[in-house]
Peer 1: 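A single structure is presented below for examination.
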Amino acid sequence: MTREEFQSNIIQYLATQASLPEGWTCGPKDNLFDLGVLESFDLPRLVAHIERMLDSRADLKSRRSEVFFTLDSMYDAFVGSKEGACAP
């Protein structure tokens, strides 16, 4: 999955979950918590969405909450890692 595909999917998911206006978007480095789009209670559902999207379990043991601050950091943590951030 490319960075653009991942980020587009997450933006669509967030827009639906947070009831954001149609056409809402954000940049890959925008802090989703600062924008008010995410809060800590949203993380379990977001992780479940990422796992379904990637069809694999997310390795959260070595991840900190900062991973969810931006689209770029989520992609790097769950897809872009050469070590394989998600396991089948």
Side-chain angles (χ1 to χ4, degrees):
M1 172 173 287
T2 68
R3 184 176 296 270
E4 292 76 21
E5 291 169 335
F6 178 88
Q7 292 177 351
S8 175
N9 185 292
I10 296 296
I11 287 171
Q12 289 176 317
Y13 170 79
L14 293 174
T16 301
Q17 294 301 305
S19 300
L20 297 170
E22 188 173 329
W24 176 87
T25 191
C26 67
K29 297 190 184 309
D30 291 342
N31 188 312
L32 299 169
F33 286 87
D34 289 348
L35 292 174
V37 176
L38 275 180
E39 47 187 56
S40 59
F41 294 113
D42 299 320
L43 294 182
R45 286 191 309 265
L46 178 58
V47 169
H49 175 75
I50 291 170
E51 289 178 335
R52 282 189 304 273
M53 178 175 52
L54 300 175
D55 195 28
S56 58
R57 299 223 356 118
D59 173 16
L60 299 176
K61 292 177 188 165
S62 60
R63 304 285 183 253
R64 299 173 55 148
S65 61
E66 290 85 4
V67 163
F68 299 97
F69 284 4
T70 70
L71 297 171
D72 269 352
S73 59
M74 280 189 264
Y75 179 84
D76 291 341
F78 297 110
V79 181
S81 171
K82 292 186 186 258
E83 298 171 5
C86 288

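Numbering of residues begins at 1 and proceeds along the displayed sequence.
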Peer 1: Using the side chain to side chain donor-acceptor pair (under 3.5 Å) rule, collect all pairs that involve residues 16-31, keeping only residues at least two apart or in two chains.
Peer 2: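 Only Lys29-Asp72 qualify under side chain to side chain donor-acceptor pair (under 3.5 Å).
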Peer 1: According to side-chain contact (heavy atoms from CB on, under 4.5 Å), who are the partners of Glu4, at least two apart in sequence or on a separate chain?
Peer 2: Thr2
Peer 1: Could you pull out all donor-acceptor pairs under 3.5 Å where a side-chain atom in residues 33-45 meets a protein atom, sequence neighbours excluded?
Peer 2:
from  : atom 1 : to    : atom 2 : distance (Å)
Asp42 : OD1    : Arg45 : NH2    : 3.0
Asp42 : OD2    : Glu39 : N      : 2.9

Peer 1: Would you mind reporting whether Leu32 and Phe69 have side-chain heavy atoms less than 4.5 Å apart?
Peer 2: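 A side-chain contact is absent here, since even the closest heavy-atom pair is not under 4.5 Å.
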Peer 1: Out of curiosity, Gln7 CD to Gln12 CD, how far, rounded to the nearest 0.5 Å?
Peer 2: 12.5 Å
Peer 1: Could you check if a side-chain atom of Phe78 sits within less than 4.5 angstrom of a side-chain atom of Leu60, using non-hydrogen atoms only?
Peer 2: yes
Peer 1: Can you give me the closest heavy-atom contact between Leu71 and Cys26, atom names plus distance?
Peer 2: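 Result for this residue pair: CD1-SG, 3.7 Å.
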Peer 1: Considering residues at least two apart in sequence or located in another chain, which fulfil the side-chain hydrogen bond (donor to acceptor under 3.5 Å, both in side chains) criterion with Arg64?
Peer 2: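 Arg64: side-chain hydrogen bond (donor to acceptor under 3.5 Å, both in side chains) contacts with Glu66.
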Peer 1: When the ring planes of Phe6 and Tyr75 are compared, do they come out parallel, tilted or perpendicular, using 30° and 60° as the limits?
Peer 2: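 Perpendicular: the ring planes of Phe6 and Tyr75 meet at over 60°.
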Peer 1: With a 4.5 Å heavy-atom cut-off, do Arg3 and Asp76 have their side chains touching?
Peer 2: yes
Peer 1: For the residue pair Pro28 and Thr70, establish whether any side-chain heavy-atom pair is separated by less than 4.5 Å.
Peer 2: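 With C-beta onward as the side chain, the pair stays apart.
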Peer 1: Sub-3.5 Å donor-acceptor pair from the side chain of Glu51 to the main-chain atoms of Arg57, do we have one?
Peer 2: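 Checking the backbone N and O of Arg57 against the side chain of Glu51, no donor-acceptor pair under 3.5 Å is found.
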Peer 1: Are the side chains of His49 and Asn9 in contact, using a 4.5 Å heavy-atom criterion?
Peer 2: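 Yes - at least one pair of side-chain heavy atoms lies under 4.5 Å apart.
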